[in-house]
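Working notes, structure below.
Numbering of residues begins at 1 and proceeds along the displayed sequence. These numbers were taken from a predicted model, which means no experiment stands behind them.
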Amino acid sequence: MATVATQGRWLRGRVKAVPSGDTLVIMGVTKADTIPPEKMVTLASVIAPRLARRDGVDEPFAWESREFLRKLCVGKEVTFLTHATPPTQSGMVREFATVLLGGSTAQNVSKLVVAQGWAKVKEQSQKSESNEDVAELLRLEEQAKEQGLGKWSKVPGASEAAIRNLPPSAIGGNSGFDAFDFATRNKGRSIQAVVEQVRDGSALRVYLLPEFQFVQVFVAGVQSPSMGRRAAPEIITDTEVSTERANGESKTELRAQPTSAQKVASGSTTIEVAPEPFGKEAKHFTEMRTLHRDVRILPETGDRFNNLTGSIYYDDAGEVKNLALELAKNGLAKYVEWSGKMLEEKDKKELKSAELEAKKNRIRMWTNYVPPATNSKPIHDQNFSGKVVEVVSGDCIIVADDAVPFGSPLAERRVNLSSIRCPKMGNPRTGDGRENYAREAKEFLRQKLIGRQVNVCMEYSRKVPVGDNTNPGAVSADSKVIDFGSVFLAPQSKGEVAVTSSVPSAAGGQPAGYNVAEMLVVRGLAEAVKHRDFEERSSYYDALLAAESKAIANKKGKHSSGDPPAHHIQDLTTASAKKTKDFLPFLQRSRRLSAIVEYVLSGHRFKLVIPKETCSIAFSLSGVRCPGRGEPYSEEAIALMRRRIMQRDVEIEVETVDRNGTFLGSLWESRTNIGAVLLQAGLAKFQASFGADRIADSHLLAQAEESAKRQKLKIWENYVEGQEVDNGSSVAETRKKETLKVVVTEVLSGGKFYVQTVGDKMVASIQQQLASLDIGEAPVIGSFNPKKGDLVLAQFSADNSWNRAMIVNVPRGGIAQSPKDEYEVFYIDYGNQEVVPYSRLRPPPPSVLSAPGSAQLCSLAFLKVPSLEEDYGQEAAEYLSELTLSSPQEFDAVIEERDTSGGKSKGQGTGTVLLVSLVDEENSSNVSAAMLKAGLARLEKRRRWDTKERKAAFDELEEFQKEAKTGRRGMWQYGDIQSDDEDSGPPARKAAGKR
């Protein structure tokens, strides 16, 4: 349709509305995103019965006439020809048209209406229409009369019955209609209606059938942009005919012209407000699908203005669609909570998901939408299974990954449950109190999960503030990244009672088992997190919301109106030794006590909770001693106890209490003496000095130790049968020097270098993960701003490989302004350092952040090597590089001692430095000896007399130094160099009693 004013030629359009039995609103055919022009036309040569306005009376058969034309034409394409018609005496202009319906077999709509008896032929039409058309219409009219069709019905009383009994309109007046009562009575029922008017995209005016109650209905759950507000009407004094065009629509109306006095007083009238962006598009969208069409309404509620709120469903080519959902999908309405909360959970979820998708795709009203800042990022391909080792709190557990070997630093993974929040356990050290139901939530998980097999689906990670940051939404330098996932508990047996509302099926893409988070929420021990838009969440979030609603309805847990359970556990681990001794009789009066292992302090020492005595104690195994912290196999002993008894129900016998307040005795788990488990694994020694006669199962403990000795397990790997070994001696006194198989990865100077342990499974795992990563395009400037000390992925310039790195220095200003801005990075797995542009940096996936750096800083033991700034410093560094880096070569690094003066944080030259001797057994070479022989290093003298072993090592190396001196090599080129303070011998012992 080129223009609405064109006359004299056939036009094509689509019928948008049918106001009466002889009137059509036809709109043009345009592109989908364009609101087409439209015009109202009256069928030429015919006149249909007149419909009442809102509260008036119809002419007989007026509704049936309109219904026939409505169902015949609405939504269908027509061709039409308008006829020029002069204005009437009142000034109104009406356009008459010949309308044809259909394609090649087009039918004249006027003839169809007359033939069915729903309109009569106008007498005056003979003047303007061809005699042939009028004659045909008259013939059809006579035929309809003879057959008694439509308004010509010959049934007695049919004319009176065809007049609608219209109740007063519920819009803008006191009609007696109670919208709230109507919605209450019809809750859940589908009410048939015909849409008469669309106020805006989410507000419609309808006839409720069969009573013909005229009422305004708001679409539940959504709100479309407003169509604005018109100015208040003014008093009509003079009238004029005005034709205006808005959005291509030609409309002829009477417009009031105020007098001068009225113009002065018009300041009190309402100011006209223009439609909001996309308000017209939303209205047109709703009109195209519902105007003058049959719909179904599900009432939800009413208001004091007698407006209804409910869901509206319409037919689209045989498919029933929800108007609210379609508006949200097309970016023409937003979700609103005030009416959305009335809907079913399923419908609410669909609306929210549709709105979120429209925002992501920036459709229509969301074109300029800027997502709110969020700290969460998705985690992909991080599903695993394992056994639960520890329950940290109601929403955090530690799982031993089945795919990682026992004893590896990556064996245990911390998992925070996605999209739920449990009451906090509190922290006595910081003064934070425990919240109500926190202990119940943790105890519930302990009983259900400890030692059980679970399937874990890691879903997202989030950066959270730590320390004293009081703003939970803020992201500061004092923050950490934690991983969230859904945990599913596999049923132990076919007869196990279900613990959640549903058991996901593995065939459906979900792990088989019970959702642990849902188990907590449905019992009122946790609440679902109210996520923001674009924030990552649990894949099973809807089930969590449903579980929370159920818990609230049933007043479970924290939703209960009763008082929360009270707990009082006396912590004797922080009490004085005298107080713990006072408790000894209470713990000894029962031969065996039930207890819970709350924490594993070392291989043989634990923190226990004794429910019967309402106390927690420090407990140590009598006669069983594991290696101390930092000694070989100490961590393995702790790992074994965590797997075996951590947070398990155990039994104990208390024998005595030591002077530090630690109770001594025996401990059983599932009738197994835990001391025997440690001894049999070669991770402890049996010390008879405790008094074997007082130790329960002492004969079993002795047998377990003998078994480990025979097999030379762990601490007994160098045991020689028959050799006298003091059972009370420490493991450190009997062990050899620790030796690592390493490769040198970076040389810092002639004496310092980085190594990587050969065969380290953690190193291999990290390298495999990095190799499998799909590295995308460089991040947009501003979206990724690494700071000094942050871990990133950096592309190494030598081979373009991606590696873990720590930011050492950032560009001026701290934030990159272009892809070429440079960052200085330290590769934590290799020890080398370089400057790379922003374009070669990426944010690291959480899966590679948990493991510490693989590069270990080392120094050559017993040697003093010139620094790079000193004479022969450069030569020493180059020679060390030649010895260690010229070809891939493995060395035995014998750890002579550890220097911890660099601090505890590892990376870029900090942390513990290993003082080692590098030996190549295959080629019978010693790096320290080669450095001395080349005259590029000299022996220390300060500590050569410390031990017999050190003195022997010095004597052996001194021969190589003498050879360099004799040959005038390197630093000895000009003879013996001047000694400094370090080269002095041990000071003379002072006489007793003198200062």
message: Using a 6.0 Å distance limit plus a 45 degree cone around the ring axis, check whether Arg523 lies over the aromatic ring of Phe444.
response: no
Spacing of Ser634 atom OG and Leu683 atom CG [to the nearest 0.5 Å]: 10.0 Å
Side chain Gln647, main chain Val391, donor-acceptor under 3.5 Å: yes
- prompt: Among all residues two or more places apart in sequence or in another chain, which pass the salt bridge (Lys or Arg N to Asp or Glu O under 4.0 Å) test with Arg591?
  reply: Glu653
- line: Rounded to the nearest 0.5 Å, the OG atom of Ser698 sits from the CZ atom of Phe686 at a distance of 5.5 Å
message: Any donor-acceptor pair under 3.5 Å linking the side-chain atoms of Ser486 with those of Glu459?
response: yes
task: Could you walk me through whether Val487 and Leu417 pass side chain to side chain contact (heavy atoms under 4.5 Å, CB included), step by step?
output: CA-CA 7 Å; Val487 178; Leu417 298 180; 3.6 Å; yes
task: List the atom of Tyr437, the atom of Ser560, and the distance in Å for their closest heavy-atom pair.
output: OH-CB, 4.3 Å
message: Taking atom CZ as the centre, does Arg648 end up with more than 12 heavy-atom neighbours from other residues, nucleotides or ligands that are less than 6.0 angstrom away?
response: yes
message: Side chains of Val742 and Gln856, heavy atoms from C-beta outward: is any pair under 4.5 Å?
response: no
task: List the atom of Phe891, the atom of Leu918, and the distance in Å for their closest heavy-atom pair.
output: CB-CD2, 3.8 Å
- request: Identify, with sequence neighbours excluded, every residue that meets side-chain contact (heavy atoms from CB on, under 4.5 Å) alongside Glu527.
  value: Arg421, Glu548, Lys558
message: Applying ring-ring contact (aromatic ring centres under 6.0 Å, His included), can you list everything that pairs with Phe663, at least two apart in sequence or on another chain?
response: none
- prompt: Can a salt bridge be assigned to the pair Lys607 and Asp571 using a cut-off of 4.0 Å between side-chain N and carboxylate O?
  reply: yes
statement: By salt bridge (Lys or Arg N to Asp or Glu O under 4.0 Å), Lys581 pairs with (sequence neighbours left out) none
Side-chain donor-acceptor pairs under 3.5 Å in residues 596-605, sequence neighbours left out?
{"residue": "Ser602", "atom": "OG", "partner": "Arg605", "partner atom": "N", "Å": "3.3"}
{"residue": "His604", "atom": "ND1", "partner": "Cys626", "partner atom": "N", "Å": "3.1"}
{"residue": "Arg605", "atom": "NH2", "partner": "Thr662", "partner atom": "OG1", "Å": "3.1"}

message: Go through it in stages, so that I can follow the logic: the residues are Ser666 and Glu655, the test is side chain to side chain contact (heavy atoms under 4.5 Å, CB included), and I'd like the CA-CA distance, side-chain angles, deciding distance and then a yes or no.
response: CA-CA 8 Å; Ser666 300; Glu655 298 166 8; 3.8 Å; yes
query: Can any side-chain N or O of Asn416 pair as donor or acceptor with the backbone N or O of Asp483 at less than 3.5 Å?
result: yes
message: Are the side chains of Arg642 and Ile398 in contact, using a 4.5 Å heavy-atom criterion?
response: yes
Lys448 NZ to Leu520 CG distance, which is reported to the nearest 0.5 Å: 11.0 Å
message: Please enumerate all residues that pass side-chain contact (heavy atoms from CB on, under 4.5 Å) together with Ile895, with sequence neighbours excluded.
response: Glu738, Leu740, Arg898, Leu914, Val916
query: Would you find a donor on one side and an acceptor on the other, under 3.5 Å apart, between the side chain of Thr614 and the backbone of Pro611?
result: no
- prompt: Does a side-chain heavy-atom distance below 4.5 Å link Thr912 with Asp899?
  reply: no
- line: By side chain to side chain donor-acceptor pair (under 3.5 Å), Gln588 pairs with (sequence neighbours left out) none
- prompt: Between Asp892 and Thr739, do the side chains contain an N or O donor and an N or O acceptor separated by less than 3.5 Å?
  reply: no
task: Could you walk me through whether Met519 and Tyr514 pass the side chain to side chain contact (heavy atoms under 4.5 Å, CB included) test, one step at a time?
output: CA-CA 8 Å; Met519 291 163 58; Tyr514 305 109; 4.0 Å; yes
- request: State the CD1-CG distance between Ile645 and Leu608, to the nearest 0.5 angstrom.
  value: 7.5 Å
- line: Looking only at heavy atoms, the pair that brings Ser461 and Val481 closest together is CB-CG1, 3.9 Å
- prompt: Within a radius of less than 6.0 Å around NZ of Lys579, do more than 12 heavy atoms belonging to other residues, nucleotides or ligands occur?
  reply: no
- prompt: Does the side chain of Lys578 reach to within under 4.5 Å of the side chain of Asp582, using non-hydrogen atoms?
  reply: yes
task: Go through the structure and list residues passing side chain to side chain donor-acceptor pair (under 3.5 Å) with Glu613, not counting sequence neighbours.
output: Arg589
- prompt: What closest approach, in Å, do Asp395 and Ser393 show between heavy atoms, and which atom pair accounts for it?
  reply: OD1-OG, 2.9 Å
field: Test item: Trp668 and Ile674 side chains (from C-beta on) under 4.5 Å apart, heavy atoms
entry: no
- prompt: Does the side chain of Glu717 come under 3.5 Å of the side chain of Tyr633 through a donor N or O and an acceptor N or O?
  reply: yes
message: Less than 4.5 Å apart, side chain to side chain, heavy atoms only: is that true for Glu440 and Glu443?
response: no
query: Shortest non-hydrogen contact from Ile420 to Ala526?
result: CD1-CB, 4.1 Å
field: Residues Ser707 and Gln703: side-chain donor-acceptor under 3.5 angstrom
entry: no
field: Listed partners of Asp402 passing salt bridge (Lys or Arg N to Asp or Glu O under 4.0 Å), at least two apart
entry: none
- request: Could you tell me which non-hydrogen atom of Arg804 sits nearest to which non-hydrogen atom of Gly853, and how far apart they are?
  value: NH2-CA, 3.8 Å
message: Taking the side chain as everything from C-beta on, heavy atoms only, tell me whether Lys387 gets closer than 4.5 Å to Val454.
response: no
task: Determine, stepwise, if the pair Lys685 / Glu705 fulfils salt bridge (charged side-chain N to carboxylate O under 4.0 Å, His left out).
output: CA-CA 7 Å; Lys685 287 187 175 183; Glu705 184 183 52; over 6 Å; no
query: Can you list the residues that meet the side-chain contact (heavy atoms from CB on, under 4.5 Å) rule with Thr656, with sequence neighbours excluded?
result: Leu664, Arg694
- prompt: OG/Ser622 to CG/Asp697 distance, rounded to the nearest 0.5 angstrom?
  reply: 11.5 Å
- prompt: Which residues pass the salt bridge (Lys or Arg N to Asp or Glu O under 4.0 Å) test with Asp649, sequence neighbours left out?
  reply: Arg446
message: Determine whether a donor-acceptor pair (N or O, by modelled atom type, separation under 3.5 Å) exists between the side chain of Glu412 and the backbone of Val389.
response: no
field: Steps toward side chain to side chain contact (heavy atoms under 4.5 Å, CB included) verdict (Leu667, Glu651)
entry: CA-CA 6 Å; Leu667 184 148; Glu651 289 185 318; over 6 Å; no
query: Any side-chain heavy atom of Phe606 sitting closer than 4.5 Å to one from Leu621?
result: yes
message: Can you tell me how far apart OG (Ser594) and NZ (Lys612) are? Round to the nearest 0.5 Å.
response: 8.5 Å
task: Would you please name every residue forming a side-chain contact (heavy atoms from CB on, under 4.5 Å) with Lys424, sequence neighbours left out?
output: Glu435
